[in-house]
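Worksheet for the structure shown next.
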Amino acid sequence: VQLQASGGGLVQSGDSLRLSCAASGRTFSSYVMGWFRQAPEKEREFVARIGWSVGSPYYVYYADSVKGRFTISRDNAKNTMYLQMHSLKPEDTAVYYCAAVVSVRAPGSRPNEYDYWGQGTLVTVSS
């Protein structure tokens, strides 16, 4: 599967932004999808992940730092995953990457658990 992230930009603290991750291929619905981010001079960190089916354990899972502010979702008919971000803070500034894997042990929060990656989209939050 090939992934392409988009939607990044420059916003002010408190603003909202929605990222998209478009996937190629006919089996998008069978992948566990995740969002990660990497700030300058920091390691890539987990943001959120979404599983295959509503109601399954760990269908959605968030990092504590974004819980309550970010919402991950997917539209399998459009082969697209989203990350709706509200109440953005300067510390949310990073390159955001989408990732995919066929199967991952819950909660699936480590970058090395994912096989496919998009190119990243930059989110900059000014104070």
| field | Taking every non-hydrogen atom, the tightest pair across M33 and A100 | value | SD-CB, 3.5 Å

| What's the shortest heavy-atom distance between Y62 and I72, and which atoms? | OH-N, 2.9 Å

Flag, side chain of [X] to backbone of [Y], donor-acceptor distance under 3.5 Å:
X	Y	answer
Y96	G7	no
S30	F28	no
Y61	G51	no
S24	Q2	yes
S126	L10	no
T121	S6	no

| query | Roughly how far, to the nearest 0.5 Å, is CE of M81 from CZ of R49? | reply | 11.5 Å

List for me each residue that meets side-chain hydrogen bond (donor to acceptor under 3.5 Å, both in side chains) alongside [X], sequence neighbours excluded, and say none if there are none.
X	result
S16	H86
Q38	R44
E45	R37
N112	none

| Quick one: salt bridge (Lys or Arg N to Asp or Glu O under 4.0 Å) partners of R69, sequence neighbours excluded? | D92

| field | Partners passing salt bridge (Lys or Arg N to Asp or Glu O under 4.0 Å) against K67 (at least two apart in sequence or in another chain) | value | D64

| Trace of the side chain to side chain contact (heavy atoms under 4.5 Å, CB included) decision for V1 with Y31 | CA-CA 9 Å; V1 63; Y31 287 90; 4.0 Å; yes

